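Structure first, commentary second.
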Amino acid sequence: MTATQIPDTTQAELDAALQRAAEAAEPFGAQPPAERARQLRAVADALDAAAGELIPLAISESHLSEGRLTGELKRTTFQLRLFAETIETGEHLRVTFDQADADFALGPKPDLRRMLLPVGPVLVFAASNFPFAFSVAGGDTAAALAAGCPVVLKGHPGHPELSVRTGEIVADALRSAGAPEGTFGVVLGFEIGTAALRDERIKAAAFTGSVPAGRALFDIANSRSKPIPFFGELGSLNPVFAAPGAVAARGADIAKGYVTSYSGNAGQLCTKPGLLFLPADHGLEAALAEESAAVAAHRLLNDRLHEGYCSRRAAVTEVPGVRVLAEGAAGEAADGAVPTLLATDVDTLLANREALLEEVFGPLSIVVTYASEDEARRAAEAFEGNLTAAVHADDADTDFVATLLPLLRDRAGRVLFNGWPTGVAVSPAMQHGGPYPATTDARFTSVGTAALDRFLRPVTYQNVPAALLPPALRDDNPWNLPRAVHTPR
């Protein structure tokens, strides 16, 4: 099915949306944290109430199942409420006082009061593979709103009707809860998105998508006369290394878990394991082939992604030294992506890095055999940045893993032990980011409550009269915020 044809936003409409966002920035950012928390909860409630309308729309435009989308909408509203809980106390503002000290060791110290402030209007580029959780009301939007930033959301062309309707619900809920007009708006169109990114009313941007698209947008953001932060999640291979002891102890379970992880959701997750490294004598080929062959073809999110998957699959399978272990049970469907499992060794991988160490978006993965621990380490060193890296190991593998883990840590934002990377917990300790090209700034996350740090900037007030201080920095603390106070010694 082709996505519903909805006209792109006009330049005049974009200008109006950007102006409304710019005008909303000061009053929205100046609200007490508890008030903004109430508005986030109102959005979550409105989306939950509209599930009966939104989920059928998402099914029709994404080809994803009702069960998957129901769970994703639940995740979307959960993270909105989690951000509301996170900001309610104002702890995220990190208010810090350094009281004046005439006897300071380095000379008289002035009264210093520091806090974090919202950066201003944020442009969010919606993703295709999560029509709710990484789209209109997804994690980037929730984080920016929680930080006090108006959001201009560039809808994804893969689900335009859902984007427009979700945007209406979000904007209405915010408005009804007392947020300023212009706090949230949706725009559509490729050229409109790049025009918005170049506009000086936009102060930061967030993106989830491919490496080429993300890099092009990153370059635009940094080539502006006044560059802005661009937080892009681009591409990840998510390697998994299985040590010999773990394979000997539970090889069948590893094979089953791996196939479930790489083929689930038709391989359309940014955390899909793209490669599994096994010892050369693993003996799991039959089990891996059987598990993979049982997985039927599945329609991808849109025709463009399907064509890209078929092209990349053909390129990878044609590399000398790469074997096909299994293709899905249904064969090549007219509009479905066939799960494909390939096999090779470390030498072939390293000799063909350009072809094999590039993400394939869809249900394809490669089993790579290593003949020694040194080969496994050389393979780990070949990777660029990733969102995740995983190790399966038992007690007998401790020495091997001890030398492997630092290599993986330097190349990934999340290191897993005896688990699979698909499935990203929305929590305070989650890190969903990594060295380039996984993300454009490995210091930040796009999942979890720390994601709002992307849209805040520090400001220090020095010797400012009490009457002119913002509420968060006043001595009487009208918002009852937690704060660190450093008194003279």
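The first residue in the sequence is number 1, and the count goes up from there. This is a predicted model, so every value here is computed, not measured.
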Would you call [X] and [Y] a salt bridge, using N to O less than 4.0 angstrom?
X: Arg38; Y: Glu35; result: yes
X: Asp45; Y: Arg41; result: no
X: Arg165; Y: Glu168; result: yes
X: Glu359; Y: Lys272; result: no

Q) Can Arg224 be said to sit on top of Phe230's aromatic six-ring, NZ or CZ under 6.0 Å from centre and within 45° of the ring axis? A) no
**Q.** Geometric cation-pi criterion Arg68 and Phe130, 6.0 Å radius, 45° cone
**A.** yes
Q: Please test Arg443 against Asp453 for salt bridge (Lys or Arg N to Asp or Glu O under 4.0 Å), starting from the C-alpha separation and ending with a verdict.
A: CA-CA 10 Å; Arg443 297 172 299 170; Asp453 290 342; over 6 Å; no
Side chains of [X] and [Y]: closer than 4.5 Å at any heavy-atom pair?
X: Val164; Y: Leu188; answer: yes
X: Leu40; Y: Ile87; answer: yes
X: Lys203; Y: Arg457; answer: no
X: Thr208; Y: Cys270; answer: no
X: Phe207; Y: Arg215; answer: no
X: Phe132; Y: Leu47; answer: no
X: Phe184; Y: Arg175; answer: no
X: His92; Y: Pro33; answer: yes

Q: Measure up the Phe455 and Phe231 rings against each other and bin them: parallel (under 30°), tilted (30 to 60°), perpendicular (over 60°).
A: perpendicular
Q. Between Tyr262 and Tyr258, what is the ring plane arrangement, given parallel below 30°, perpendicular above 60°, and tilted in between?
A. tilted
Q) Just wondering, are more than 12 heavy atoms of other shown residues or ligands nearer than 6.0 Å to CD in Glu381? A) yes
Q | Crowding at CD, Glu53 (>12 non-hydrogen neighbours, <6.0 Å) | A | yes
Where is the tightest heavy-atom contact between [X] and [Y], given as atom of each residue plus distance?
X: Arg414; Y: Pro421; result: NH2-O, 3.0 Å
X: Ala126; Y: Leu153; result: CB-CD1, 4.2 Å
X: Pro363; Y: Tyr309; result: O-OH, 3.3 Å
X: Gly158; Y: Asn302; result: CA-ND2, 4.4 Å
X: Ile169; Y: Ala46; result: CG2-CB, 3.8 Å
X: Ala195; Y: Leu14; result: CB-CD2, 3.9 Å

Q: Using atom types as modelled and distance alone, determine if a side-chain donor or acceptor of Thr422 lies under 3.5 Å from a backbone N or O of Trp420.
A: no
Q.
Do Asn238 and Thr271 pair up side chain to side chain, a donor and an acceptor below 3.5 Å, judged on atom types alone?
A. no
Q) Any side-chain donor-acceptor pair under 3.5 Å between Ser263 and Glu291? A) no
Q | Leu405 vs Val415, side chain to side chain contact (heavy atoms under 4.5 Å, CB included): CA-CA, chis, key distance, verdict | A | CA-CA 8 Å; Leu405 277 179; Val415 179; 3.6 Å; yes
Q: Pick out which of Ser135, Ser62, Ser128 makes a side-chain hydrogen bond (donor to acceptor under 3.5 Å, both in side chains) with His159.
A: Ser135
Q. CD of Gln39 to CG of Leu80: how many Å apart, nearest 0.5 Å?
A. 12.5 Å
